[in-house]
2 protein chains.
Amino acid sequence: MPTIEDVARHAGVSTRTVSRVLNDRPNVRSEVRERVLAAVEQLGYRPDPNARALKSGRKQIIGIVANAVSSDTTLRRIEIISKLFAHSGYAVLMQFAESSEMEEAAINAITPRCDGLVIFSNLHSSHSPALLMLHNHRIPFIVVDPPVDIAFPSIYIDRRSGYREAVRYLVQRGRQELLLVVESFRSSERIAGFLEGLERENRPFRSNRILHTGKGFQGGVDVAPLVLRVLQEEQIDGILCHNDKIALGLLGALQKEHIQIPEALALIGFDDDNFSAYINPPLTTIAQTGGDVGAYIYEQLKNAIEYGTAIESRTFGTGLVLRASA
Amino acid sequence: MPTIEDVARHAGVSTRTVSRVLNDRPNVRSEVRERVLAAVEQLGYRPDPNARALKSGRKQIIGIVANAVSSDTTLRRIEIISKLFAHSGYAVLMQFAESSEMEEAAINAITPRCDGLVIFSNLHSSHSPALLMLHNHRIPFIVVDPPVDIAFPSIYIDRRSGYREAVRYLVQRGRQELLLVVESFRSSERIAGFLEGLERENRPFRSNRILHTGKGFQGGVDVAPLVLRVLQEEQIDGILCHNDKIALGLLGALQKEHIQIPEALALIGFDDDNFSAYINPPLTTIAQTGGDVGAYIYEQLKNAIEYGTAIESRTFGTGLVLRASA
DNA sequence: TTGTAGGCGTTATCAT
DNA sequence: ATGATAACGCCTACAA
């Protein structure tokens, strides 16, 4: 690997001049600039980013820490963030963590390598030494969709309003008795929205109207027997699911019992997964609104890094995407 | 940020000794080691990875270059690779590229920052200056599922055998007239397998039995009218699709026309997407076999980096995952 | 407009 | 077992 000195020698100038050319600084005769560029080309010189970072502090890297149970949504957001930053000359350094402790460790591990961080957090406590450290060192960062409120710049997804709105929609369309099927993790906002919706529509709530199940498609399949029992005992005519995967798993099981959807039963998911518009019947779902989360992160973080602006927290809403299933 | 010198002073030793402790080197009295560790803890010292990389050349980073049209499969593989390497103390540096030129540029950009690379390539030519550069500099790398054969360590997915086997399966189950629906990109192997299958089963081929369409679910929907026309003119009773998304889009359109699947028509996809087992009917599909691609990459690349072993190319097979749709 | 030289924080050679 | 010191490759204050 050639160094800046090799280039300097080759071009017959000093390293200082090479550095000037490489960093687009003024005070270089264009003839000299040409000569340097030619030498760079010939030798195949590439500045060592580590040496550069060591000296200047600029690393041109965005750090992303994500929890292990990363949803498709998270992966897509990471992809978008990565692509946007690529246009500005940043690469993305990614580390997955499988627990809160690992998350703290991952933050500590990648922080010295990057100019700013995006944290897809599962932190269960609002007290995080790692985040505090970032804050104290003035390193720009933003936390995405944390399960608890946090005293640092964050993006929140207001799931509650989506479920509330979904309940309202169903009731106003004449659905009388509703059921909520949730996974164990991240269910509280959904439950809160469900309850709020019922209350606003003056519908009574009974505790057997909330069913808990496992994660993903299989969770939907597994909960089906339970759902069928409740369906018979009570006159359930609408179900809200934790997400589209649960909904699809449940849908298949219900169709096997020849339950007509949406005629006999309305079904609503959450997330607007890519398949949801194409299954049979197309799935009505609750989805995040208000623009792209990844794009917002990009703008905020980039400005914070390059211009020192403060990162603003923001809450993204959720709303119904109407399709045939409800 | 405290430096190694601060730690040395604090512990009353030299920087060399601190370095020994930090890198688990021998020749340090355990009493001294304790003292150093205590100082590290107290000062909250973290070694600067840039300085370390500058001096030692070890960066503890794996680079990943992926093409812009990254499939779910690619994202999942990236996730798996990232998690595996995280256990060995490596983070993953990711850059997306939207063209062959950008791909070359991305490789050049991240190479100086990493110990090894994984390249999810769309390179259309087997001649790549960037890959040649990696090879010449002895930087371990592996190319994943390139569209063309490459003279460097690569992972290939043998789609051809999967389509061939699918044809055989359908014919042996009494399906007489088969159709292939493909996207424009990466269709040649699928077509080759389809033709080979027909030939081996002594089935004639007519050129109108291959339909081209757009990408993803919508591609499946869009091709439906064309499929329906062929369906009526010829006695088609089996369709192979480019992937599960195409299959699902097409499935919905066919069901709208009350075509019974699998009774009247067998449908087969490719990829075994996460939703495929849960749609109605569950989708028979062709999937990659032979273990996890991400795990193989991890093993090969890690050994190459840490022990200098050569990376071995490998071809992963594909096989039928039987479900109800065919 | 151009060059000299010191230092960023670490590792590693060599001496003790 | 431990320490002084010279790099690693780059940036930049200062000098010319």
Side-chain angles (χ1 to χ4, degrees), chain A residues 1-40 43-61 89 108-115 137, chain B residues 1-40 43-61 89 108-115 137 139 306:
Chain A
M1 280 263 109
T3 76
I4 197 172
E5 253 183 297
D6 299 325
V7 176
R9 224 185 338 265
H10 200 87
V13 297
S14 77
T15 62
R16 183 67 182 90
T17 301
V18 177
S19 177
R20 281 204 183 84
V21 173
L22 261 41
N23 298 308
D24 274 322
R25 290 264 196 296
N27 293 342
V28 178
R29 286 213 320 270
S30 65
E31 182 234 327
V32 175
R33 160 168 268 115
E34 295 303 322
R35 203 138 40 93
V36 170
L37 258 22
V40 166
L43 300 179
Y45 168 75
R46 313 204 59 85
D48 180 335
N50 293 302
R52 178 176 275 180
L54 176 59
K55 186 63 190 159
S56 72
R58 303 201 127 221
K59 308 167 191 78
Q60 298 287 89
I61 291 184
N108 286 324
I110 69 174
T111 295
R113 303 191 213 254
C114 36
D115 302 316
H137 289 298
Chain B
M1 281 264 106
T3 76
I4 197 172
E5 255 183 295
D6 299 324
V7 176
R9 222 183 343 262
H10 201 87
V13 297
S14 76
T15 61
R16 183 66 183 90
T17 300
V18 177
S19 177
R20 280 204 185 86
V21 173
L22 262 41
N23 297 308
D24 275 321
R25 290 264 197 295
N27 293 343
V28 180
R29 281 213 324 271
S30 65
E31 182 234 326
V32 175
R33 161 168 267 115
E34 295 303 323
R35 205 141 37 95
V36 170
L37 257 22
V40 166
L43 300 179
Y45 167 76
R46 311 204 60 86
D48 180 333
N50 293 303
R52 180 174 274 181
L54 174 58
K55 185 59 189 160
S56 72
R58 305 199 126 221
K59 306 166 192 82
Q60 298 286 92
I61 291 183
N108 287 324
I110 70 174
T111 295
R113 301 192 215 256
C114 34
D115 303 315
H137 289 222
I139 295 167
E306 302 193 344

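Note on naming: letters A, B, ... go to the chains in the order of the sequence lines (proteins, then strands), and numbering restarts at 1 for each one.
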task: Have a look at R25(B) and say if it touches a base, only the backbone sugar-phosphate, or nothing, with a 4.0 Å heavy-atom cut-off.
output: sugar-phosphate
task: Could you say whether R20(B) or P47(A) is positioned toward the 5' end of DNA chain D, judged by the nucleotide with the nearest heavy atom to each?
output: R20(B)
message: Heavy atoms only, 4.0 Å cut-off, all strands: where does T17(A) land among base, sugar-phosphate and nothing?
response: sugar-phosphate
- request: Would you mind classifying the nucleic acid contact of P26(B) as base, sugar-phosphate or nothing, using non-hydrogen atoms under 4.0 angstrom?
  value: nothing
field: Given K59(B), R58(B), Q60(B), the one that forms side-chain contact (heavy atoms from CB on, under 4.5 Å) with S56(B)
entry: R58(B)
- prompt: Side-chain donor or acceptor of K55(B) under 3.5 Å from a matching atom on the base of dA7(D)?
  reply: yes
- prompt: Within the structure shown, what part of the strands sits under 4.0 Å from N23(B) by heavy-atom distance: base, sugar-phosphate, or nothing?
  reply: sugar-phosphate
message: Counting only side-chain nitrogens and oxygens, does R52(B) get under 4.0 Å of the OP1 or OP2 atom of dG9(C)?
response: no
task: Please state whether the base of dG9(C) and the side chain of R46(B) form at least one donor-acceptor pair under 3.5 Å?
output: no
query: Looking at dA1(D), dC10(D), dG9(C), which one has an atom nearest to any side-chain atom of N27(B)?
result: dA1(D)
message: Any base atoms under 4.0 Å from D48(B), or only sugar-phosphate, or nothing? Heavy atoms, all strands.
response: sugar-phosphate
query: Given dT2(C), is OP1 or OP2 found less than 4.0 Å from the side-chain N or O atoms of S14(A)?
result: no
- line: Of the candidates dC11(D), dA13(D), dG3(D), the side chain of R16(A) sits closest to dA13(D)
- prompt: What integer distance in Å separates E5(B):CD from dT5(D):C1'?
  reply: 11 Å
message: Does R33(A) reach a base, just sugar-phosphate, or nothing at all? Heavy atoms under 4.0 Å.
response: nothing
